Amino acid sequence: MTHTTSNREIAAQFERLADLLEIEDENPFRVRAYRNAARTIEGLSPRLSDLVADDADLTGLPAIGREIAARIREIVLTGRLSALDEIARRVPSELSDLMKVRGLGPKGVKALYDHFHVRSLHDLERVAKQGRVREIEGFGAKKEAALLDGIGRLRRGGERRTRLADAEPEAERLKSWLAAADGVQRVEIAGSYRRRRETVGDLDIVVSGTDGAAVMDRLLAHEDIERVVSHGETRSTVILHSGLQVDVRTVEADSFGAALLYFTGSKEHNVELRQRAIDRHWKLNEYGLFNGERPIAGREEQDLYARLGLAWVPPELRENHGEIELSAADDLPTLVTVDDVRGNLHAHTTWSDGGDTLEDMARAAQARGYAYLAVTDHGPKVRVANGLDARRLRRQMGDIDRLNAQLDGLVLLKGCEVDILQHGELDLPDDVLAELDVVVCSIHYNLRQGREAQTERVLRAMDNPHFMIWGHPTAREINRREPIDIDLDRCLEAAAERGIVVEINAQPKRLDLKDTHARLALEKGCALAIDTDAHSVADLDLMRHGVDQARRAGATRERIVNTGSLADVRRRLRAP
DNA sequence: GCCGTTTTCGGCCCGACTGTTTTCAGTCG
């Protein structure tokens, strides 16, 4: 009997183990090994509990060796991690939670526990408020205040990552603000923002110029800043009113490319690059590539990659998921761009829950240079959205015919976002679906069915020959709703077999499929559509967010259906 | 504890900043 422990829970166990080992002052490399394993597990798309059930060899996974593979099996098979139980006899395992307080590391946690038996945030708050933390050597009044502040931040949920689209306005404001500082040459936002991850933990801004201090002074003068965490000549950290943390780093122009590379990451990508440097008896750091003391490259990212025998890697691919091998072979994919997109296959109007009329949506799509726009209002199941029954849908088709007669250059496609009902039925009859150009099938209700039922539900729906596009497949909403529990491998294989197109929904709250799942879909041979799921004219501009995720999945233009002409699209959407 | 076309032992990133220190440990990224 296997326990259905999620990958996230398993990763959390290893993180906790690493924290406790660190508090016990264990070998730091052993600690790191557990943290690396946790990272691998968090980013893994198949479930470990399934892999264990299939008796798969886990040691092929990065950072997973014999020992940790055995411990994963233990967690899946018994629900326990005995190493954690064992260490918990010496150190209370809650101490791991204290490590999340900013400014408090393993040494501090240990000292607080030894002196005052501090085991919880509550304990720490009490001792700090009594002003007794400073009794410990190495702690003082400032540290005490910083810890109280850290507790407050943690309680306010400061750990949550910010959605990329929410961080964008703040990031761009800061970027142009810094660009106007004295002597500034270049400013780039690096980190996961530049890699276009769906969320960002903080913003990393790299600046080159002749006067680092002037940049930092200007940073501190920005109106969005709530608090300064640290402030140096080349590096500062601030917190914005929104709670977003911003790290600004200044370098000389000759190091800008190296710093940009370094702070764009990912960490794993950088580790690989550094290893390539070491193989050549060189050193790569945020200042440049060096042979001994002699700089070889540093001003431009391209130069650094070139000297390491690599083609420049688009930031979206820098996750050490095979991109370095492709780069070495000069075989990187030419990633899809927002300019490649020629139409939109999922949009709503005032007929259901959209905010703009059919005609306004059509004109707006036309203005954006699109060749086609599929009108896919909700089917009848989604009553709260005023979903269309067969009768209203046929009336809408008439309106679309009349509009198409007037439109020049843009063709409106007749469509519907059909609901996949609880057992895999669709919420409109086949004879109506047969009259449509585009049928997007999505799940909106019964999100909490078990994995087996959920999988069967989708597979059964896919048996309907009118099922053309699988809309927002996991129904997740970032920071708000977990994905449905479903065997995505099987469903994507089924989609590939049947010629069903899989959606990357470009709504910033959805981005569903997410990057790793989109990559999986490509590996399974699926074609993708990047859809805005627009509920207004303004939403049509969300396309770029979906393109970002497609790029992270390594998608070329050819793999995205709506980069094709109208004739291409008609051919690639399966005809029953 | 993981990893391996210089390998199965000996590596594993390291620099910036803070606070509490009179020269550095801890934390962070």
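These numbers were taken from a predicted model, which means no experiment stands behind them. Below, chain A is the first sequence line, B the second, and so on; all start at residue 1.
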Quiz item: When you check every protein heavy atom under 4.0 Å of nucleotides 22-29 of chain B, what one-letter string (B, S, -) results, 5' to 3'?
Solution: ----SSSS
For [X], answer base if it contacts any base atom (sugar-phosphate contacts may also be present), sugar-phosphate if it contacts only those atoms, and nothing otherwise; contact means non-hydrogen atoms under 4.0 Å.
X        : value
A/Tyr287 : sugar-phosphate
A/Asn36  : nothing
A/Leu273 : nothing
A/Ala69  : nothing
A/Pro62  : sugar-phosphate
A/Glu137 : nothing

Self-check item: Residue pair A/Ser82 / A/Glu74, side-chain donor-acceptor N/O under 3.5 Å
Solution: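 Result is yes, a qualifying pair exists.
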Quiz item: Is A/Thr264 reaching over with its side chain to a backbone N or O of A/Leu260, donor-acceptor style, under 3.5 angstrom?
Solution: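 At least one qualifying donor-acceptor pair exists.
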Quiz item: Does any N or O in the side chain of A/Asp211 come within less than 3.5 Å of the main-chain N or O of A/Ala214, such that one atom is a donor and the other an acceptor?
Solution: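 Indeed, once roles are kept as given, a pair shorter than 3.5 Å links the two residues.
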Quiz item: B/dC2 C1' sits how many Å from A/Glu272 CD, rounded?
Solution: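 Value for this atom pair: 14 Å.
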Practice problem: Quickly work out the A/Arg66 CZ to B/dG1 P distance and round it to whole Å. | Solution: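 Rounded to whole Å, this separation is 11 Å.
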Self-check item: Pair A/Arg39 + A/Glu42: basic N to acidic O under 4.0 Å
Solution: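 Looking at A/Arg39 and A/Glu42, the cut-off is not met.
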Quiz prompt | Out of B/dC2, B/dA16, B/dC13, whichever nucleotide has its closest atom nearest the side chain of A/Ile68 | solution =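 Among the listed nucleotides, the one closest to the side chain of A/Ile68 is B/dC2.
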Practice problem: With the side chain of A/Arg71 defined as its heavy atoms from C-beta on, choose the nearest nucleotide among B/dC17, B/dG1, B/dT6. | Solution: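 Selected nucleotide: B/dG1.
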Exercise. Could you pull out all residues at least two apart from A/Glu168 that satisfy salt bridge (Lys or Arg N to Asp or Glu O under 4.0 Å)?
Key: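 Result, salt bridge (Lys or Arg N to Asp or Glu O under 4.0 Å) vs A/Glu168: A/Arg196, A/Arg544.
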Self-check item: Listed once per pair and sorted, the salt bridge (charged side-chain N to carboxylate O under 4.0 Å, His left out) pairs that draw on residues 513-522 of chain A, sequence neighbours left out
Solution: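 Those involving residues 513-522 of chain A are A/Asp515-A/Arg552.
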Self-check item: Any-strand Watson-Crick or G-U partner of B/dG19, both distances under 3.5 Å
Solution: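 Here B/dG19 is engaged in a pair, and the nucleotide opposite it is B/dC24.
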Self-check item: First encountered from the 5' end of DNA chain B, between A/Tyr34 and A/Ser230
Solution: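 Of the two residues, A/Tyr34 wins.
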